[in-house]
Asks: 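Got a structure for you, written out below as C-alpha cells; questions coming shortly.
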Amino acid sequence: METLLAVFAHPDDEQFGTSGALLACVERGVAVHVLCATRGDAGEISDPALATPESLGAVREEEMRAACRILGLTEPEFLDYPDGGLTLVEPDALTRAVVEAIRRLRPRVVITFDANGGYGHPDHIAIHRATVAAFDRAADPAFAPDLGAPHRVAKLYATAYPRSIFPAMDAAFVAHGFPALGFGDVQTIADAEIGTPDEVITTAVPADRFWDTRRASLLAHRTQYGAAHPFAVLPEAAMRPLFATDHFRRIHPPPMPGTALPDESDLWAGLT
Ligand SMILES: [Zn+2]
C-alpha cells in the first residue's frame, strides 16, 4: 500500500490548503499518516464548556482524532512537545523524531510546512527545518541506525498558501462583518510575506469535490472553530471558492528550470 506522511505542528494544521489533497490521496487508496509535534495546548478555547487551559491539549488531541477519522486518515501520532515551544527543542531531537517516523512508516510522499511556516509561526518553521533535514537523514545509512533501516522518500512537499489568496479571504471576512484574517502573536513576518509566491507553486490539486467532508473535518476542531467563527458562519458561496484547490511547492524533486508552473495536479504525479 502507498503511504504519505504529513508532518505538522498543531492539531488543525492538516486542514488549510491540505485536507482536500489528503482526501484525494485517501480516494486513491493511500494510507495517510499525520505526525503532529504538539497537542495544541496553547490554542484558543471557543467555548469554556469545551476545555480549560489545563485540559486543552487532551481535548485538542481528541478533536484531531475525530477530524482525521472524518478524512479517512490513519490515527494521528503526537510528539510530546509544548505548543509554542518547538524553537526551544534541540533541533536534532525534532529531526530524529521525524526520521524515526519516516523509517517506520516508509512513505513515498512527505508533506510539511513551507520555510516561512505559512505566516511565520515559529513552531511551523521549526517543523519545516526538522522535516527537510529528516528527508536526507532518513535515507542515510550512516545516520542513527538505531532509528530503523534507511528509507528514501520520493517526493517532499511544502504546503503553499498562494500569496494571492489572502486578499480574497480578507475580502470575504470583511464583507460579512468580520475583521480581516489575522494571525496574532504567532505571525512573525510582514503581511506582504505571508504565504508562498504564486509563481513558485508546483502543484495544484483540485479539491472542490471534497468541500463537505473537509468542512466537517475542520469544524471537528471545535475549540478552534466554534459556532461564531468566520469559517463556521460565512456562507458556502463565500468560502468554497477559497478551498477549491490545494497548493504545494515541491521541494524534492525540484521543478526543471524553465518549466511552466504549476507542473502537476497530483501529489503522486510521476510515481508509478
Ligand atoms: Zn499550526
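Both ligands and their constituent atoms are indexed starting at 1 by order of listing. The figures that follow rest on heavy atoms only: side chains count, while hydrogens, waters and symmetry mates do not.
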Asks: Taking just the N, O or S atoms of Asp13, which one is nearest to the Zn ion (ligand 1)?
Replies: OD1
Asks: Name of the His10 N, O or S atom nearest the Zn ion (ligand 1)?
Replies: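 Relative to the Zn ion (ligand 1), the closest nitrogen, oxygen or sulfur of His10 carries the name ND1.
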Asks: Would Asp198 and Ser164 count as a side chain to side chain donor-acceptor pair (under 3.5 Å) if you check the C-alpha gap in whole Å, the side-chain angles of each, and the deciding distance to 0.1 Å?
Replies: CA-CA 7 Å; Asp198 292 53; Ser164 64; 2.6 Å; yes
Asks: So, for Phe173 and Phe231, is the gap between ring centers shorter than 6.0 Å?
Replies: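 Phe173 vs Phe231: aromatic centres under 6.0 Å.
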Asks: Check this for me: does any side-chain nitrogen of one of Arg240 and Asp208 sit under 4.0 Å from a carboxylate oxygen of the other?
Replies: yes
Asks: Around Arg249, counting heavy atoms of other residues, nucleotides and ligands shown, do more than 12 lie under 6.0 Å from its CZ?
Replies: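 Yes.
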Asks: Could you tell me whether the Zn ion (ligand 1) has an N, O or S atom of His124 under 2.8 Å away?
Replies: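 Coordinating: yes.
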